[in-house]
Amino acid sequence: MHVTQVSLSDKTSGRRMREILGVMRKYKVMQGLTPEKAVQMLEALGPTYVKIGQLASSRSDLLPREYCEAFEQLQDDVTPMPFDTVLECMDRAYGHSWKQVFLAVDPEPLGAASIAQVHKAVLLDGTPVAVKVRRPGIVAQMAEDITLMKRALATAEFVASAHETVWMNLDNFIEVLEKTTDNETNFTIELENLTRFHKECANWPGITCPVPYPHASNDAVLVMEYVQGTQINDVARLQADGYNMDVLADRIIQNYLTQVMSVGFFHADPHPGNIIVRGDQIVWIDLGMTGQLTASERQQVGRMMRSVVTDNAYDLMQAVLSISRRHGELDYGELLSQLSSLLDKYGSADLDDINIGTVLGEIVEVMRGQSLIMMPAVTMLVRGVVTIEGLMENISPSTNVLEVLSTHVMRQSLDPEHVKKRIADLFMAATESTEALAKLPYQVSDTLEMLDRGELRVKGDVKVSEDALATIYASVGRASLALISMGLFIGSSILCTTNMEPRFLEVPILGVLGYVGAFVLGIYVIFVTLKSRHRTKNNLKAD
């Protein structure tokens, strides 16, 4: 059941609205909110608004950085449910006694939050597990708050300070909030995340996550492997146990980059409490918040990372535009200039001296100034990378995330599969460009004829001579032939990586013919270009 599917009575909504307005009056919202007061107000409003603050802490593209930093302090500090209430919730979720699933449940909670509580338990077959139990009434409470939010905030303002008003993009923000609350309150989603992540871990030596138990789980109760180990930020204990913190740090970063760049399914909340060291394994726990990137988004994220490493402002701008939405006027020239200045600032510095979190934060600030809002999944990724970097500073100060990122990106660029995909993309681009250029002479001719007949007007008198038309046709023709030659070369290169028959000297004959055609066309284009240059230089007129 989704949070927003719960129906509400006007009476209940009215009472909750009065509570919200009372809290807002208490903190004098209309007179301005400092970051500290905003945190206190969200805590007073309850778990839904604490979740809003936690979510907003990653939206530096919507809010000033000082508010995001303040909202990071929000914690689910709540009183644990009585054990009898936990057992009642389990019975209600299963539709029968919990004793038909477990031999025993530990009365002492492992953790308590605003949405759920976790206990250690033992399955009927003797397997120790962790059981996450949803609090009673939390779905209805969050549904009520989100519904009221939609009604009230459609015309409201978030007041950032006494002198500055911050308007948030409500459609985008509420959309992300609804998705997040659905994920947090419907445990079948976290179960699916665990199942998928555990499957991916089979390809990552030394990396794992808790084993899920679908037969004992539902939307209100989640059962998973009980993980015992040491939190990654307990450096003293890990070193005493013989672990090399630099090696652990490198494994974590490399795996996180693999999650993002190769799989597109990543842990969106990689704080120290969610990373456990167990034997020779790194265990990622709490998969309630994950991010998913489409193939296109992964490509653009990779492009953004490469552009930062290679100091390419134009590529960075193109990547930024591809992973964001525009809400307002956009000055492309100014955006490119700002990104160029940003990269220039770090261009002369050593990678060891560059903080990737700072760079990403400044990129987001530039985007916010240009009315650009990142896609939600990319925003989660940025927050995850910044969190990972903060973790590295504590457990392995000598490890530089940007340096590891640079190595990872370069290694991925040389991967045969990546190279093959790039060649295929270039071949498709060359084919499309060739088709477009083949039409260009006709389009140019039509346009010039329209100009000549007066059907198309421009500011100024335009007269095109026959010599100019001939030059245009000749230039476009040569460009088309050059692109065809390039397409044949790229296509032949792809064919040569296959086992296509028949073959000549272990190379597909079709690939050989393509190379020959590309060579002949290339020589012809060079010849006619040099010939034309010679005629022009000597004031000769072509026959």
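All of these numbers come straight from a predicted model, not from anything done at the bench. In what follows, residues are counted from 1 in the order of the sequence shown.
- Nearest heavy atom pair, residue Glu225 against residue Pro210, reads OE1-CA, 3.6 Å.
- A distance of 4.5 Å separates CD1 of Ile252 from CD1 of Ile282, quoted to the nearest 0.5 Å.
- Residues Phe102 and Val122 fail the side-chain proximity criterion, which asks for heavy atoms closer than 4.5 Å.
- Tyr243 pairs with exactly one of Asp280, Val235, Val277 by the side-chain contact (heavy atoms from CB on, under 4.5 Å) rule, that one being Val277.
- The only option from Asn255, Thr208, Asp269 that meets the side chain to side chain donor-acceptor pair (under 3.5 Å) definition with Trp284 turns out to be Asn255.
- Salt-bridge annotation for Lys345 and Glu362: present, with a side-chain N of the basic residue lying under 4.0 Å from a carboxylate O of the acidic one.
- Scanning for side chain to side chain donor-acceptor pair (under 3.5 Å) contacts around Glu393 gives Asn355, with sequence neighbours left out.
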Begin from the C-alpha positions of Thr290 and Arg196 and carry the test side-chain contact (heavy atoms from CB on, under 4.5 Å) through to its verdict. CA-CA 11 Å; Thr290 59; Arg196 179 178 175 185; over 6 Å; no
How far apart are the C-alpha atoms of Gln338 and Glu334, what are their side-chain angles, what is the distance that settles it, and do they pass the side-chain hydrogen bond (donor to acceptor under 3.5 Å, both in side chains) test? CA-CA 6 Å; Gln338 290 176 335; Glu334 181 62 21; 3.3 Å; yes
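- Minimum heavy-atom separation, Pro270 to Thr387: O-CG2, 3.6 Å.
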With side-chain contact (heavy atoms from CB on, under 4.5 Å) as the criterion, how do Ile253 and Ile388 come out once you've worked through the C-alpha distance, each side chain's angles and the decisive distance to 0.1 Å? CA-CA 7 Å; Ile253 299 173; Ile388 286 285; 4.2 Å; yes
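- The salt bridge (Lys or Arg N to Asp or Glu O under 4.0 Å) check on Arg303 picks up Asp315, with sequence neighbours excluded.
- Side-chain atoms of Gln370 come within 3.5 Å of backbone N or O of Asp331 as a donor-acceptor pair.
- Here the shortest heavy-atom pairing between Ala313 and Leu339 reads CB-C, 4.3 Å.
- Side chains of Met224 and Leu194 form a contact here, defined as non-hydrogen atoms less than 4.5 Å apart.
- Between the CZ atom in Arg325 and the CD1 atom in Ile373 there is a gap of 8.0 Å [rounded to 0.5 Å].
- No side-chain N or O of Arg298 forms a donor-acceptor pair with one of Gln292 less than 3.5 Å apart.
- Between Phe197 and His267, the ring-plane angle classifies as perpendicular under the 30° and 60° cut-offs.
- Separation of atoms CD1 (Ile363) and OG (Ser307) is listed at 7.0 Å; rounding is to 0.5 Å.
- Leu372 has its side chain within reach of Val320: a pair of non-hydrogen atoms, C-beta onward, lies under 4.5 Å apart.
- At a cut-off of 3.5 Å, with distance as the only test, a side-chain donor of His119 or Gln117 sits close to an acceptor on the other residue.
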Arg135 vs Ser114, side-chain contact (heavy atoms from CB on, under 4.5 Å): CA-CA, chis, key distance, verdict: CA-CA 8 Å; Arg135 285 179 176 268; Ser114 57; 5.5 Å; no
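- Side-chain atoms of Gln254 and Arg251 form no donor-acceptor pair, as typed in the model, at a separation below 3.5 Å.
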Go through Met374 and Val382 one step at a time and tell me if the side-chain contact (heavy atoms from CB on, under 4.5 Å) criterion holds. CA-CA 10 Å; Met374 278 188 174; Val382 170; 3.9 Å; yes
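- The side-chain heavy atoms of Val359 and Leu342, taken from C-beta on, include a pair separated by under 4.5 Å.
- Residues Ala121 and Val131 come closest through the heavy atom pair CB-CG2, 3.5 Å.
- In this structure, Val221 and Ala93 approach most closely via the heavy-atom pair CG2-CB, 3.7 Å.
- Put simply, the side chain of Ser217 gets close to the backbone of Tyr213: a donor and an acceptor are under 3.5 Å apart.
- Counted by atom type alone, Ser396 and Asp246 present one or more donor-acceptor pairs between their side chains at under 3.5 Å.
- The side-chain heavy atoms of Val283 and Ile275, taken from C-beta on, include no pair separated by under 4.5 Å.
- Using a 4.5 Å cut-off on side-chain heavy atoms (C-beta onward), Lys120 and Glu108 make no contact.
- The side-chain contact (heavy atoms from CB on, under 4.5 Å) test with Asp250 is passed by exactly one of Asn244, Val404, Thr399: Val404.
- One distance of note links NZ of Lys37 with CG of Leu42; it measures 13.0 Å at 0.5 Å rounding.
- Annotation: side chain of Tyr226 is in contact with side chain of Leu110 (closest heavy-atom distance under 4.5 Å).
- Nearest heavy-atom pair, Thr185 versus Arg134, reported as atom, atom and distance to 0.1 Å: O-NH1, 2.7 Å.
- Taking CD1 from Ile395 and CE from Met245, the interatomic distance works out to 4.5 Å, rounded to the nearest 0.5 Å.
- With a 4.5 Å cut-off on side-chain heavy atoms, Tyr27 and Gln40 count as touching.
- Summarising the geometry, atom CG belonging to Asn218 is positioned 9.5 Å from atom CZ belonging to Phe187; distances are rounded to the nearest 0.5 Å.
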